[in-house]
Amino acid sequence: MAVNNSETMTINMGPQHPSTHGVLQLILELDGEIVTKATPHIGFLHRGIEKLSEHRTYHQIIPLTDRLDYLAPMSNNLGYVLAVEKLLGITDEIPERVQRIRVIMAELTRLKSHLVWLATHALDIGAMTVFLYCFRERECITDIYEKVSGARMTSNYFRVGGLSADLPDGLEGEIRDFAESMPGHIEEYEGLLTGNRIWQKRTIGVGKISAEAAIDIGITGPALRASGVDWDLRRDNPYSGYDDYDFEVPVRTGCDTFDRYKVRLDEMRQSARIVLQALDKLKPGPILADCPKIVLPSKKDVVNNIESLIHHFKIVTEGFKTEPGEIYHGIEAPKGELGFYLVADGSAYPFRMKIRPPSFVNLQGLPQMVEGRLLADVVAVIGTLDIVLGEIDR
Amino acid sequence: MSAQAIVEKLKAKFSAEILDVVEFRGETTVTVKKEQIVAICTFMRDDFGYNLLCDLCGVDYMGQTPRFMMVYNLYNITTKERFRIKAPVAEEGANIDTVSSVWGTANWHERECWDLLGIKFNNHPDMRRILMPADWEGHPLRKDYPVQGPDREPYKGRLS
Amino acid sequence: MVMTPEVLTLSETPWLFTGVMLGKIIVAFVATLLIVAYATYAERKIIGRMQTRMGPNMTGPKGLLQPIADGLKLFFKEDIIPSQSHWFAFILAPMMILAPAFVSIAVVPFGGDLQFTYDGTLYAVPMQITDLNIGLLFIVAMAGLGVYGIVLAGLASNSKYALLGGIRSTAQMISYELAVGLSVVAIFMLSETLSLRGIVAVQQLPLWGSDSLSFLPNWYIFTQPLAFCLFVVGSMAEINRTPFDLPEAETELVSGFCTEYSAMKYALFFMAEYANMITVSAVTTTLFLGGWGGPFWGWINFLIKVFAFMFFFIWIRATFPRLRYDQLMYLGWKIMLPLALVNIVITGIAILLW
């Protein structure tokens with residue numbers, strides 16, 4: 001008897017679908033409810049940020065990086081700014097206060113990103129209440145963002161060599177209150193989900209990927225740590241003075257959706273810890289490096305000092321020049337390793353900027369993780385990979 | 001293993017392939033010929049433990065020969081070290097062997113490189129465009145591709 | 001002088017009978033519709049409160065006119081019939097879902113007898129549209145009919161998501177109907193009647209006929225706790241409420257079987273969902289919680305119990321994630337069905353022994 005191969009159904013999930021987290025399109029081949037083949041199609045949000053960067057001065061690129069992973073803008077700012085500082089060779093000249101504030105904001109960003117991940121992940125699996133609880137806390141972080149940078153999402157706060165502005169008065173207390181309240185809130189989410197039998201059934205053993213396969217695919221960040229690989233760039237290749245803080249890197253070995261969930265929740269607790277430590281160590285000081293050719297001088301100097309005026313004029317109109325060379329710098333963004341590869345030709349524009357977005361690489365693991373499983377697991381796996389299309393498509 | 005030692009071993013094994021060794025800001029870059037790229041990458045992975053391909057991209061040096069440069073940013077998860085390999089690719093029928101058999105992650109990176117720069121990857125399992133629409137003409141990240149897109153006036157609103 | 005009330009019949013007092021009957025139908029129908037409308041409001045308010053947000057509060061005082069505004073909006077929206085759909089089945093499907101949901105209300109008793117004198121004769125009118133002697137079977141049958149509407153909606157839309165939703169709900173409702181149907185068998189065995197009125201009457205006796213327990217009514221929830229649990233869980237699955245809302249699982253199937261529906265047809269699906277919720281609450285109340293019996297006046301007791309159940313369903317929705325398809329089938333066939341069978345056997349043995 002001839003085998004009839006046309007018994008699968010092809011279903012088009014996205015780009016307008018409630019749980020593809022943006023404009024991801026998945027072509028699924030279904031045999032009943034079982035996914036036999038999944039093909040991701042990306043690029044619906046491609047804005048050509050890498051191309052645009054080649055026509056912008058180094059400072060003008062910072063706002064573009066906000067739009068990569070729009071759920072964690074300050075992490076992108078940080079990754080880019082650190083890469084440029086490395087290219088310029090001024091990494092050691094960054095004042096201590098700047099580094100502390102960068103760490104505080106980067107960890108708040110991690111919390112912010114993980115809160116949105118938990119909210120949408122839980123909503124995908126059907127737990128609606130967690131979604132709103134998480135957004136309640138995220139709102140506090142967006143408020144802090146607004147007070148610091150003036151914008152709730154696209155912060156554009158860090159500068160090459162420092163920050164755009166110091167923390168406003170009284171904000172340290174607000175951040176401290178928030179960071180202290182965070183572990184309690186995490187308990188609340190865990191109370192709703194961790195022990196819930198349905199949640200466990202939906203996540204344990206779903207979307208398994210072994211450590212070897214994960215490294216081969218290039219999965220980084222919490223997803224890799226849940227597969228038992230103890231690797232965190234903050235600890236292993238410290239930047240921005242992360243070696244100054246006492247924190248743990250949560251690692252679990254279940255390789256499944258539940259362990260990725262637990263790893264991220266533990267990371268949120270550690271982030272709150274780092275924020276508190278950084279606040280304790282925060283001392284008054286300059287918020288810009290002493291590199292007059294790179295960093296904009298203060299307004300007072302511009303008015304009173306001809307040299308500063310000239311620097312100001314040159315930086316604003318031409319940007320600053322770098323030596324020719326190429327560097328790669330990776331940071332531990334909330335979703336994994338965010339890398340910037342910069343090629344400089346000595347002009348004020350990067351010759352080539354390649355962004356290594358963690359979501360782009362992590363998404364590659366999706367077909368492996370869902371094939372042979374049920375349709376409902378696809379949304380669980382999309383959620384657990386924590387993808388953001390702004391960063392995938394660039 | 002220090003980057004110096006790796007370079008020495010690479011030179012010993014692939015002496016005819018190494019074109020250049022550069023160190024900049026503490027990062028070592030080795031430029032090799034493209035013919036043996038898969039063998040070199042496999043060697044890097046198996047003998048030095050560079051098990052993670054962080055990033056793969058192409059750079060367009062328009063006006064130079066060879067025009068393109070493939071860049072492989074490697075990472076060793078055990079020793080937490082980075083290493084970079086580059087391979088020049090000529091403009092004429094730009095192509096290079098795929099390393100997706102060495103690191104699975106190269107698959108999409110190479111598709112992106114083909115999509116945006118037009119470098120073909122021999123033996124690639126799935127050589128399609130990834131970010132641009134399937135029927136797009138041209139490769140936008142090439143230096144001779146206008147930033148405002150094809151057939152459009154350049155944007156003049158910016159001050160600089 | 002105590003008069004024995006006469007029962008109204010069609011043959012003896014045709015006009016009075018018809019009038020009273022129409023009155024009852026209108027009251028029950030309007031009350032159900034109102035409860036449906038305000039169940040949506042209550043759901044949004046209650047879940048809103050549970051999720052630290054406001055819920056509707058702009059339309060009318062405290063947002064009380066919101067259901068009406070929603071209804072009006074949906075009524076005046078453009079009614080789209082996809083060109084590739086089968087138009088007749090497409091239009092029929094929402095009606096086929098809504099009608100059984102409302103018809104089931106007809107056999108649910110919501111109070112004791114209403115007595116009035118007309119033309120010198122005392123008449124007693126049961127507060128129930130009709131007391132079918134196979135009332136419970138009727139309800140199970142109507143619930144079964146509701147499946148057709150969903151299947152039809154899924155097929156007629158000619159859309160893959162709708163089709164998947166339709167398939168899911170067919171499988172789900174058929175498997176859970178078995179467990180639900182079997183769990184109530186134990187009730188018939190105890191009450192020895194299928195009439196819902198009869199079942200309520202039995203539950204008003206003292207518990208297990210014993211005088212020492214006379215402070216407790218003979219509600220079947222005490223005698224049949226397992227059947228009660230099975231019935232409630234199974235009913236939740238049958239009416240597609242969270243955690244069993246797979247047929248319309250928004251994050252997987254967009255909207256499941258009603259993906260292609262718009263305007264009033266879409267509203268009909270929603271009304272059916274809430275009407276089913278009311279029916280299930282009412283039937284559970286009747287079967288396990290002594291119907292209209294209780295400290296207050298008949299139908300008030302009944303409504304309190306029904307609302308308590310609806311609150312419970314809403315609460316569940318705010319708490320639980322959604323099950324997966326295979327887990328749902330596993331629960332239905334491998335846990336609930338055997339338990340229901342075991343329950344019947346145990347009940348049978350107990351009846352034999354006592």
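Since the model is a prediction, treat every value here as computed from it, not as a measurement. Quick note on labels: first sequence line is chain A, next is B, and so on, each numbered from 1.
B:Tyr75 places none of its side-chain heavy atoms less than 4.5 Å from the side chain of A:Thr220. No side-chain heavy atom of A:Glu54 sits under 4.5 Å from any side-chain heavy atom of B:Val147. Annotation: side chain of A:Tyr328 is not in contact with side chain of B:Val71 (no heavy-atom distance under 4.5 Å).
Side-chain atoms of B:Arg25 do not come within 3.5 Å of backbone N or O of A:Gly325 as any donor-acceptor pair. Panel note: side chain A:Lys51, backbone B:Gln148; no donor-acceptor pair is recorded below 3.5 Å.
Residues B:Val102 and A:Asp216 share a closest heavy-atom pair of O-OD1, 3.8 Å. Across B:Leu52 and A:Ile215, no two heavy atoms sit closer than the pair CD1-O, 3.7 Å. Shown here for B:Glu27 and A:Ile327, the closest heavy-atom pair between the two residues is OE1-CA, 3.3 Å. Across all non-hydrogen atoms, the minimal contact from B:Cys54 to A:Arg356 is O-NE, 2.6 Å. Taking all atoms of both residues into account, the shortest heavy-atom contact from B:Thr105 to A:Val361 is OG1-CG1, 3.3 Å.
Ranking A:Glu323, A:Glu212, A:Glu326 against chain B, the residue ahead of the rest is A:Glu326, based on heavy-atom pairs under 4.5 Å. Note: B:His109 leads B:Arg45, B:His109, B:Met132 in heavy-atom pairs under 4.5 Å with chain A. Contacts with chain B were tallied for A:Val343, A:Val229, A:Leu87, A:Ile355; A:Leu87 has the most, counting heavy-atom pairs under 4.5 Å. In terms of heavy-atom pairs under 4.5 Å with chain A, the best-connected choice from B:Ala106, B:Gly104, B:Pro140 is B:Gly104.
To the nearest 0.5 Å, atom CG of residue B:Leu141 and atom CE of residue A:Met353 are 10.5 Å apart. Atom CD1 of residue B:Ile77 and atom CG of residue A:Asp236 lie 9.5 Å apart, to the nearest 0.5 angstrom. Of the inter-residue distances, the one linking A:Thr39 atom OG1 with B:Asp126 atom CG reads 8.5 Å to the nearest 0.5 angstrom.
For A:Asp345, no part lies under 4.5 angstrom from a heavy atom of chain B. For A:Gln364, the parts sitting under 4.5 Å from any heavy atom of chain B are the backbone and the side chain alike. Heavy atoms of B:Asn73 lying under 4.5 Å from chain A belong exclusively to its side chain. No part of A:Pro358 comes within reach of chain B, as not one of its non-hydrogen atoms sits under 4.5 angstrom from that chain. If you measure heavy-atom distances from A:Leu338 to chain B, you find no contacts under 4.5 Å at all. Heavy atoms closer than 4.5 Å to chain A are found nowhere in B:Arg111, neither backbone nor side chain. Within the 4.5 angstrom heavy-atom criterion, only side-chain atoms of A:Tyr341, from C-beta onward, approach chain B. Heavy atoms closer than 4.5 Å to chain B are found in both the backbone and the side chain of A:Leu363. Only the side chain of B:Arg128 comes within less than 4.5 Å of a heavy atom in chain A; its backbone stays farther off.
Within 6.0 Å of atom NZ in B:Lys143, more than 12 heavy atoms from other residues, nucleotides or ligands are found, so the atom counts as buried in its surroundings. Counting heavy-atom neighbours within 6.0 Å of B:Lys80 NZ, excluding the residue itself, gives a total above 12.
Residues of residues 55-68 of chain B placed with any heavy atom under 4.5 Å of a heavy atom in chain A are listed by number as B:Asp55, B:Leu56, B:Cys57, B:Gly58, B:Val59, B:Asp60, B:Tyr61. The interface of residues 112-124 of chain B with chain A, defined by heavy-atom distances below 4.5 Å, comprises B:Glu112, B:Leu116, B:Leu117.
No cation-pi contact links A:Lys86 to B:Phe24, judged by a cut-off of 6.0 Å to the six-membered ring centre and 45° from its axis.
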